[in-house]
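Nothing here was measured: the structure is a model prediction, and the numbers come from that model. Whatever order the structure lists ligands and atoms in, that order sets their numbers, starting from 1.
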Amino acid sequence: MIRLLYFSNAMPGLSDDQVRNILQSSRKNNPVIGVTGVLIYGGDMFMQVLEGPEQAVLRLYVKLLDDRRHSNSQIVQMSYAKERMFQNWSMGVIKTNPLKFEHIKKLLDHRLEAVHAEVFAEKMREFVKQLNAEH
Ligand code: FAD
């Protein structure tokens, strides 16, 4: 199993309906391919974590790259994972204010620390704890 985390820029003027459509597609498709994760939207950006079988996650990510509702996707982390962090979320969407997103974006600071996978995993665990506490 792998876990992939990326950031992207939301299409300018993206509506709530469009975000809802993305969530609907995800909830329909992801369970079929064994992918769980979370989608965070705020401050004109998306952050998504996808976890599941390697082929399924990579195929989905490639499909997402062609979606015009976002652009400039950057993978922040991709690693092998023994267990799911989001086992209860086929795909949850969380809307957050731009300020809070700045906080989440700190995960990007660790992008270059991929070698230190443990440091990053710890940051992710903190993040998941925070999400679970809030929702
Ligand atoms: P449907 O779910 O049947 O499509 C539903 C409706 O969505 C269509 O009627 C159409 O109006 C609209 N739509 C579909 N594709 C597009 C498109 N490329 N551009 C504009 N409108 C469109 N999909 C997943 O399956 N799992 C995910 O985890 C996931 N995460 C996403 C994260 C982001 C940030 C974005 C932007 C998209 C994500 N998507 C995800 C959507 C994905 O890119 C495809 O649109 C979706 O998988 C298509 O599903 P479907 O073929 O079953 O179409």
Any nitrogen or oxygen of Q48, main chain or side chain, under 3.5 Å from a nitrogen or oxygen of ligand 1? yes
Heavy-atom pairs closer than 4.0 Å: do any link ligand 1 to the side chain of L60, the backbone, both, or neither? side chain
Under 4.0 Å from a heavy atom of F46: give me the atoms of ligand 1 that qualify, with their elements. 34 (C)
Minimum-distance pair of heavy atoms, taken over all atoms of G34 and P53: O-CD, 3.4 Å
Report the member of N29, D67, L14 with the shortest heavy-atom distance to atom 19 (N) of ligand 1. D67
Tell me yes or no: between the side chains of R84 and T36, is some donor less than 3.5 Å from an acceptor? yes
Between K28 and ligand 1, is there a nitrogen or oxygen pair with a distance under 3.5 Å? yes
Any side-chain heavy atom of F46 within less than 4.5 Å of one from N9? no
Please work out which of Q18, R69, Q24 has its closest non-hydrogen atom nearest to atom 7 (O) of ligand 1. R69
Could you walk me through whether L4 and V76 satisfy the side-chain contact (heavy atoms from CB on, under 4.5 Å) test, starting with their C-alpha distance in whole Å, then the side-chain angles of each, then the deciding distance to 0.1 Å, before giving a yes or no? CA-CA 8 Å; L4 185 152; V76 177; over 6 Å; no
Closest by any non-hydrogen atom to atom 26 (N) of ligand 1: pick that one out of N21, V49, N30. N30
Verdict with reasoning, R3 to L50, per side-chain contact (heavy atoms from CB on, under 4.5 Å): CA-CA 6 Å; R3 183 176 308 117; L50 299 169; over 6 Å; no
Main-chain N/O of F7 paired with H70 side-chain donor or acceptor, under 3.5 Å: no
May I ask whether Y6 places a heavy atom under 4.0 Å from ligand 1? yes
Whether E51 side chain and M85 backbone form a donor-acceptor pair below 3.5 Å: yes
If we set the cut-off at 4.0 Å for heavy atoms, which region of V35 has an atom near ligand 1: side chain, backbone, both, or neither? neither
